[in-house]
Amino acid sequence: MPSARRRFALAIAIVAGSALLLQYVLLIAATWKDIGPLFGTLRYFSFFTILGNLAVALATAAAWHGGDASWQRFFRRAPVQGAAALCIAIVCVIYHVLLASTWSPRGLQRVADLALHYVVPALYLFWWVACVPHGRLRWSDPLRVLAFPAAFLGWTLVRGAWLHEYPYPFIDVDTLGFAVALRNAAAIALLFVAAGLLLVAVDRCLPCTLRGRRAFWHDDAVRHDAAKR
């Protein structure tokens, strides 16, 4: 039987996956007659919130399943789990500070909004602290994680120049101009680095009982093999 930590990972994967699916259905329904499902899907995957929650869903699904597929091994790596924690934390902070006051979602959109920006970040960060082996992150990892938001920014600028549509107002080149949008992006990059260094410090300062624990999916596999014998 899966451990409580693996069941918790599964629960987070289900919550994140359900919130992602709900947001996709709502967006496609709202844009069906306007831009159609193809460009609606393109818009959906152009939000960092979606990508951050997708990373959480994949990381927790891999932790729960414990399989040997390449994507599962990748998402069980400590730097990847830490990167997912950093990205989903930034999603929560940026949304709460800069974006939450700019609109008032209702009904199912409100449910999706709360789940993607608050519930999933809280659940995953708790899981990362309490259930993941620690002491495995390096001080250089936050700089490596910057490749992800940098790629997102590059795609956002290319897509914005093509469609004149930007996912977030603080990087809207058409409204702010390139220099201001780039300055805002640089400020967020600094936030990523600072939050990433804090994450590494937390990883190194957690109790030794957490640092010394082997990965729980490995422990369960060992117990399963022992039971077979």
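Just so it is clear, the structure is predicted and the values come from calculations on it, not from any experiment.
Under the side-chain contact (heavy atoms from CB on, under 4.5 Å) criterion, Leu58 pairs with Leu54, Trp71, Phe75, not counting sequence neighbours. Annotation: side-chain hydrogen bond (donor to acceptor under 3.5 Å, both in side chains) contacts of Glu165 (sequence neighbours excluded): Arg43, Arg159. Among residues two or more places apart in sequence or in another chain, the ring pair (Phe, Tyr, Trp, His ring centres under 6.0 Å) test is passed with Trp162 by Phe39. Residues satisfying the side-chain hydrogen bond (donor to acceptor under 3.5 Å, both in side chains) criterion with Tyr95, sequence neighbours excluded, are Trp103, Asp113. Tyr24 meets the ring pair (Phe, Tyr, Trp, His ring centres under 6.0 Å) test with Tyr44; sequence neighbours excluded. Considering only residues two or more places apart in sequence or on other chains, Ala112 meets the side-chain contact (heavy atoms from CB on, under 4.5 Å) condition with Leu22, Gln23, Leu26, Gln109. Among residues two or more places apart in sequence or in another chain, the side-chain contact (heavy atoms from CB on, under 4.5 Å) test is passed with Val25 by Leu21. Not counting sequence neighbours, the partners of Arg144 by the side-chain hydrogen bond (donor to acceptor under 3.5 Å, both in side chains) test are Ser140, Asp141. Under the ring pair (Phe, Tyr, Trp, His ring centres under 6.0 Å) criterion, Tyr168 pairs with Phe47, Phe170, sequence neighbours left out. Applying the ring pair (Phe, Tyr, Trp, His ring centres under 6.0 Å) criterion to Phe74, with sequence neighbours excluded, gives no partner residue.
Looking at heavy atoms from C-beta onward, Arg204 lies out of side-chain contact with Leu137 at the 4.5 angstrom threshold. At a threshold of 4.5 Å between non-hydrogen side-chain atoms, the residues Gln72 and His65 count as touching. Taking 4.5 Å as the limit, some side-chain heavy atom of Pro149 sits within range of a side-chain heavy atom of Phe192. With contacts defined as side-chain heavy-atom distances shorter than 4.5 Å, the pair Ile94/Phe48 does not qualify. With a 4.5 Å cut-off on side-chain heavy atoms, Cys92 and Tyr124 do not count as touching. Using a 4.5 Å cut-off on side-chain heavy atoms (C-beta onward), Ile50 and Leu116 make contact. Pro37 places a side-chain heavy atom less than 4.5 Å from the side chain of Trp32. Side-chain contact between Leu10 and Arg6: absent, with no pair of heavy atoms (C-beta onward) separated by less than 4.5 Å.
Contact between Val173 and Ala181 at its shortest, heavy atoms only, is CG2-CB, 3.9 Å. Closest approach of Thr31 to Gly40, counting heavy atoms only: OG1-CA, 3.9 Å. In terms of heavy atoms, Trp127 sits closest to Gln81 at CH2-NE2, 3.9 Å. Nearest approach of Ala57 to Leu20, heavy atoms of both residues: CB-CD1, 4.4 Å.
The structure places CG of Leu146 at 12.0 Å from CD1 of Ile188, a figure rounded to the nearest 0.5 Å. Distance check: Leu191 CG to Leu86 CG gives 8.5 Å after rounding to the nearest 0.5 Å. Rounding to the nearest 0.5 Å gives a distance of 11.0 Å between SG of Cys131 and CZ of Arg7.
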Worked verdict on Trp128 versus His134 for side chain to side chain contact (heavy atoms under 4.5 Å, CB included): CA-CA 9 Å; Trp128 181 82; His134 291 288; 3.8 Å; yes

Step-by-step side chain to side chain contact (heavy atoms under 4.5 Å, CB included) determination, Leu157 to Leu153: CA-CA 6 Å; Leu157 295 177; Leu153 176 63; 4.1 Å; yes

Pair Arg138-Val200, side chain to side chain contact (heavy atoms under 4.5 Å, CB included): steps then yes or no: CA-CA 7 Å; Arg138 299 178 180 178; Val200 174; over 6 Å; no

Pair Arg73-Asp68, salt bridge (charged side-chain N to carboxylate O under 4.0 Å, His left out): steps then yes or no: CA-CA 6 Å; Arg73 294 196 305 271; Asp68 198 43; 3.5 Å; yes

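Hydrophobic cluster membership is shared by Phe126 and Ile88, with clusters built from Ile, Leu, Val, Met, Phe, Trp and Tyr side chains linked at under 4.5 angstrom. At a threshold of 4.5 Å between side-chain heavy atoms, the hydrophobic network of Ile, Leu, Val, Met, Phe, Trp and Tyr places Phe45 and Val56 in one connected group. Cluster membership for Tyr118 and Val111, using ILVMFWY side-chain heavy atoms within less than 4.5 angstrom, is not shared. Two different hydrophobic clusters hold Leu27 and Leu163 under the rule that ILVMFWY side chains link at heavy-atom gaps under 4.5 Å. In this structure, Ile171 is not a member of the same hydrophobic cluster as Leu176, with clusters built from ILVMFWY side-chain heavy atoms closer than 4.5 Å.
Within the structure, side-chain hydrogen bond (donor to acceptor under 3.5 Å, both in side chains) contacts touching residues 145-158 (residues at least two apart or in different chains) are Ser46-Trp155.
Judged by distance alone, with hydrogens and angles left aside, the side-chain atoms of Thr175 form no donor-acceptor pair with the main-chain N or O of Asp172 at under 3.5 Å. Checking side-chain atoms of Asp203 against main-chain N and O of Leu199 turns up no donor-acceptor pair under 3.5 Å.
By the 4.5 Å side-chain criterion applied to Ile, Leu, Val, Met, Phe, Trp and Tyr, Val158 is assigned to no cluster and stands alone.
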